[in-house]
Asks: 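One structure, pasted below without further comment.
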Amino acid sequence: TTAERVFEILDTEPEVMDRPDAKDPGVIEGRVEFRNVSFTYDGFARILDRVSCTVEPGEMIGLVGHSGAGKSTLVNLISRFYDATDGEILIDGVSITDLQQKKLRAQIGVVLQEPLLFQGSIAQNIAYGRPEASRSEIIAAARAANAHKFIMKIPDGYDSEVGERGGRLSGGERQRISIARALIGNPRVLILDEATSSVDTQTEFEIQEALERLTANRTTFAIAHRLSTLKNADRLFVLDKGRIVEEGSHAALLEQEEGVYRNLVDMQTELAKVRAL
């Protein structure tokens, strides 16, 4: 019975399929454009509602908004985990539905709030997206991710087993391994989803330093509830009920006294004061 259930899942046809004439995007520049994009999971409630925006190559975009505003859905559509219900998403002027999924996703790096490590060595986890990577390339990625020092303190170094889901490493160590994994793939588009949450101050500093190297010259979409981490973003997109309601730099949005972003910052500031007491 269990085997039947497993094979039933394996035999399920994916909802998102390549077209017969889908093409290799080659090395992309990273220009991402949303044209009137709407999306719904159930056919009724719109998670995204006619979103339009253009992000230039190398630009860092902060995605801000209350839970359920549509931030994660927006970045999931870029990776084409789902197809937009309406509208079109283009990369370098080409609709992503005309591109081969595997080739496209190979150029998109993702660093999640809870990184997923697999049973195996640290080196194998860093090279997961590029199993042919040399040891010197793995070490270079780890150095850039501020992970080399703690790795060398472990008895077996890069050959150390991480345990199930990375259980033998701390949260900050797992996060730096996931950053190294993203670096070694040299992605042109980068997605950061709460990459610095739930770590101590020193670890956050080291992760932020690694992220600065990772985001350099790459089109980046960063989701963060801790708004202070997005101060250096080129632009912020403030989402509310599936729409981009405000757009601009951190400083420019703070000048809007009744704006959604200004209210979010004020709420976090007040909350920080209460916690300090």
Asks: Between the main-chain N or O of N76 and the side-chain N or O of S79, is there a donor-acceptor pair closer than 3.5 Å?
Replies: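 Not at all, since once roles are kept as given, no pair shorter than 3.5 Å links the two residues.
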Asks: Nearest 0.5 Å, please: how far is CG in D49 from CG in D86?
Replies: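 Taking CG in D86 and CG in D49, the distance rounds to 9.5 Å.
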Asks: Same hydrophobic cluster for I122 and M152, using side-chain heavy-atom links shorter than 4.5 Å among ILVMFWY?
Replies: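 Yes, I122 and M152 fall within the same hydrophobic cluster.
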Asks: Roughly how far, to the nearest 0.5 Å, is CD of E246 from CG of L264?
Replies: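 Reported to 0.5 Å precision, the distance equals 8.5 Å.
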Asks: Testing the basics here: between G70 and L48, what is the closest heavy-atom pair and its distance to 0.1 Å?
Replies: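 Heavy-atom minimum between the residues: O-CD2, 3.6 Å.
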Asks: Looking at CZ of R135 and CG of D159, how far apart are the two atoms once the value is rounded to the nearest 0.5 Å?
Replies: 4.5 Å
Asks: What's the shortest heavy-atom distance between V111 and A182, and which atoms?
Replies: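 In this case the closest contact between V111 and A182 is CG2-CB, 4.1 Å.
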Asks: Which pair of heavy atoms, one from P187 and one from G109, lies closest together, and at what distance?
Replies: CB-N, 3.3 Å
Asks: Are any side-chain N or O atoms of D18 and backbone N or O atoms of Q101, one a donor and one an acceptor, separated by less than 3.5 Å?
Replies: yes
Asks: Heavy-atom count around E29 CD within 6.0 Å, excluding the residue itself: above 12?
Replies: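 No, the 6.0 Å shell around CD holds no more than 12 heavy atoms from other groups.
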Asks: I'd like to know if D98 and K23 make a salt bridge, using a cut-off of under 4.0 Å between side-chain N and carboxylate O.
Replies: no
Asks: Would you give the length of the straight line joining atom CD1 of I28 to atom CD of Q107, rounded to the nearest 0.5 angstrom?
Replies: 4.5 Å
Asks: With a 4.5 Å heavy-atom cut-off, do D193 and S72 have their side chains touching?
Replies: yes
Asks: Does any N or O in the side chain of R176 come within less than 3.5 Å of the main-chain N or O of G172, such that one atom is a donor and the other an acceptor?
Replies: yes
Asks: When rounded to the nearest 0.5 angstrom, what is the spacing between CD1 in I96 and CD1 in I89?
Replies: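 CD1 of I89 is found 4.5 Å from CD1 of I96.
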Asks: Given 3.5 Å as the limit, does a donor-acceptor pair link the side chain of R130 with the main chain of R181, or not?
Replies: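 Absent.
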Asks: What I want to check is whether the side chains of R218 and N186 have a donor and an acceptor closer together than 3.5 Å.
Replies: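 Indeed, the side chains of R218 and N186 share at least one donor-acceptor pair under 3.5 Å.
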Asks: Is the Y82 ring parallel, tilted or perpendicular to the F39 ring (thresholds 30°, 60°)?
Replies: tilted
Asks: For the pair D42 and T40, evaluate side-chain hydrogen bond (donor to acceptor under 3.5 Å, both in side chains) and give the outcome as yes or no after the intermediate values.
Replies: CA-CA 6 Å; D42 59 8; T40 173; 3.1 Å; yes
Asks: Given the rule in the side chain to side chain contact (heavy atoms under 4.5 Å, CB included) test, do R165 and Q119 qualify, once you have shown the distances and angles that lead to the verdict?
Replies: CA-CA 7 Å; R165 294 180 178 270; Q119 184 75 42; over 6 Å; no
Asks: If two hydrophobic side chains count as joined below 4.5 Å and joins carry through other members, does I91 share a cluster with V51?
Replies: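 Result: yes, single cluster for both.
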Asks: According to a hydrophobic-cluster definition based on side-chain heavy atoms being under 4.5 Å apart (Ile, Leu, Val, Met, Phe, Trp, Tyr only), do I184 and F150 belong together?
Replies: yes
Asks: With side chains defined as the heavy atoms from C-beta onward, is the minimum distance between S121 and Y158 less than 4.5 Å?
Replies: no
Asks: Is it true that atom CZ of R262 has more than 12 heavy atoms of other residues, nucleotides or ligands lying nearer than 6.0 Å?
Replies: yes
Asks: For the CZ atom of R80 and the CD1 atom of I78, what is their distance to the nearest 0.5 Å?
Replies: 14.0 Å
Asks: For L230, run the side chain to side chain contact (heavy atoms under 4.5 Å, CB included) check against V64, L192, L63 and tell me which one passes.
Replies: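 Only one of V64, L192, L63 forms a side chain to side chain contact (heavy atoms under 4.5 Å, CB included) with L230, namely V64.
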Asks: After noting the C-alpha distance and the side-chain angles of S38 and R50, does the key distance pass the side-chain hydrogen bond (donor to acceptor under 3.5 Å, both in side chains) rule?
Replies: CA-CA 5 Å; S38 296; R50 292 168 289 176; 5.3 Å; no
Asks: Tell me, do V162 and R168 make a side-chain contact under 4.5 Å, heavy atoms counted?
Replies: no
Asks: Side chains of T219 and R31: does their closest heavy-atom pair fall under 4.5 Å?
Replies: no
Asks: What's the shortest heavy-atom distance between I244 and S52, and which atoms?
Replies: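 Shortest heavy-atom contact: CD1-O, 4.3 Å.
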Asks: With side chains defined as the heavy atoms from C-beta onward, is the minimum distance between V32 and L90 less than 4.5 Å?
Replies: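 Counting from C-beta outward, V32 and L90 never come under 4.5 Å.
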Asks: Compute whether any side-chain donor of one residue and acceptor of the other, for Q175 and S178, lie under 3.5 angstrom apart.
Replies: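 Short answer, yes.
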Asks: Under the side chain to side chain contact (heavy atoms under 4.5 Å, CB included) criterion, do C53 and F34 qualify, and how do the steps go?
Replies: CA-CA 5 Å; C53 62; F34 280 67; 4.0 Å; yes
Asks: Is there side-chain contact between V94 and P25, with heavy atoms separated by less than 4.5 Å?
Replies: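 With C-beta onward as the side chain, the pair stays apart.
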Asks: Please tell me if the side chains of F81 and E15 come closer than 4.5 Å, counting only heavy atoms from C-beta onward.
Replies: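 Counting from C-beta outward, F81 and E15 never come under 4.5 Å.
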Asks: Please answer whether the main-chain N or O of G26 pairs with a side-chain N or O of K103 as donor and acceptor at a distance below 3.5 Å.
Replies: no
Asks: Could you go step by step and tell me if L116 and F118 meet the side chain to side chain contact (heavy atoms under 4.5 Å, CB included) rule?
Replies: CA-CA 7 Å; L116 179 60; F118 303 96; 4.0 Å; yes
Asks: Can you give me the closest heavy-atom contact between L77 and A84, atom names plus distance?
Replies: CD2-N, 4.1 Å
Asks: Is there side-chain contact between L253 and V238, with heavy atoms separated by less than 4.5 Å?
Replies: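 A side-chain contact exists here, since the closest heavy-atom pair is under 4.5 Å.
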Asks: How far apart are the closest heavy atoms of L236 and S249, and which atoms are they?
Replies: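 Reported closest heavy-atom pair: CD1-C, 4.5 Å.
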Asks: With the 4.5 Å side-chain cut-off for hydrophobic clustering, are L117 and I191 part of the same group?
Replies: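 No, because L117 and I191 fall into different hydrophobic clusters, even though each may have its own neighbours under 4.5 Å.
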Asks: Could you walk me through whether R35 and E33 satisfy the side chain to side chain contact (heavy atoms under 4.5 Å, CB included) test, starting with their C-alpha distance in whole Å, then the side-chain angles of each, then the deciding distance to 0.1 Å, before giving a yes or no?
Replies: CA-CA 6 Å; R35 291 182 181 173; E33 185 177 358; 3.0 Å; yes
Asks: Please indicate whether E132 has more than 12 foreign heavy atoms, meaning atoms of other residues, nucleotides or ligands, lying under 6.0 Å from its CD.
Replies: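 Correct, the count exceeds 12.
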Asks: Would you find more than 12 non-hydrogen atoms of other residues, nucleotides or ligands less than 6.0 Å from D11 atom CG?
Replies: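 Yes, because the 6.0 Å sphere around CG of D11 holds more than 12 heavy atoms from other groups.
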Asks: Quick check on the hydrophobic clustering: are L99 and F221 connected, directly or via other members, by side-chain heavy-atom contacts under 4.5 Å?
Replies: yes
Asks: Here's a test for you: under side-chain hydrogen bond (donor to acceptor under 3.5 Å, both in side chains), which of E247, H250, Q256 qualifies with Y261?
Replies: H250
Asks: Looking at M60, is its backbone amide N or carbonyl O close enough to the side chain of D234 to form a donor-acceptor pair, meaning the two atoms are under 3.5 Å apart?
Replies: yes
